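For reference, the structure is listed below as structure tokens.
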Amino acid sequence: MYRTQNQKLGYGIFEDQRVDVKWVRSGGYTELLSDNALTWSRDGGSEGEVKILYGAVVDSKITQVIIVSEGNKSANIIDHHGIRIWYGI
């Protein structure tokens, strides 16, 4: 995942090839700044594709993200220099 210059969150999918990493594809974007407590986006899910749900955790009081559409799966939250993002694969 990466931050764009216009305050959006994007991501890329990589494949581990033992000695290096291969760029598979890039995905969409979601807002990092929002009036909502949480932003979200979804990409993939077609046959053979990795499905990823991701977004920004805007409200500092949020400590856990549960993805109800994925059977109440807990998402991962990453905090990096005050930017908090979440994702679930």
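This is a predicted model, so every value here is computed, not measured.
Cluster annotation: Ile66 is not connected to Tyr54 through the hydrophobic network of ILVMFWY side chains, with a link wherever side-chain heavy atoms come within less than 4.5 Å. Under a hydrophobic clustering in which Ile, Leu, Val, Met, Phe, Trp and Tyr are joined whenever their side-chain heavy atoms come within less than 4.5 Å, directly or via other members, Val58 and Val65 fall into different clusters. Cluster annotation: Ile52 is connected to Ile78 through the hydrophobic network of ILVMFWY side chains, with a link wherever side-chain heavy atoms come within less than 4.5 Å.
One N or O on the side chain of Thr39 and one on the backbone of Ala56 form a donor-acceptor pair closer than 3.5 Å. Side-chain atoms of Asn36 never come within 3.5 Å of backbone atoms of Leu38 as a donor-acceptor pair (strictly under, hydrogens ignored).
Between Leu53 and Glu70, the closest side-chain pair of non-hydrogen atoms falls below 4.5 Å. Within the 4.5 Å cutoff, no side-chain heavy atoms of Ile67 are placed close to those of Tyr87.
Among pairs with a residue in residues 57-68, none fulfils side chain to side chain donor-acceptor pair (under 3.5 Å), at least two apart in sequence or across chains. The salt bridge (charged side-chain N to carboxylate O under 4.0 Å, His left out) pairs that include a residue from residues 72-89 number zero, where partners must be two or more places apart or lie in different chains.
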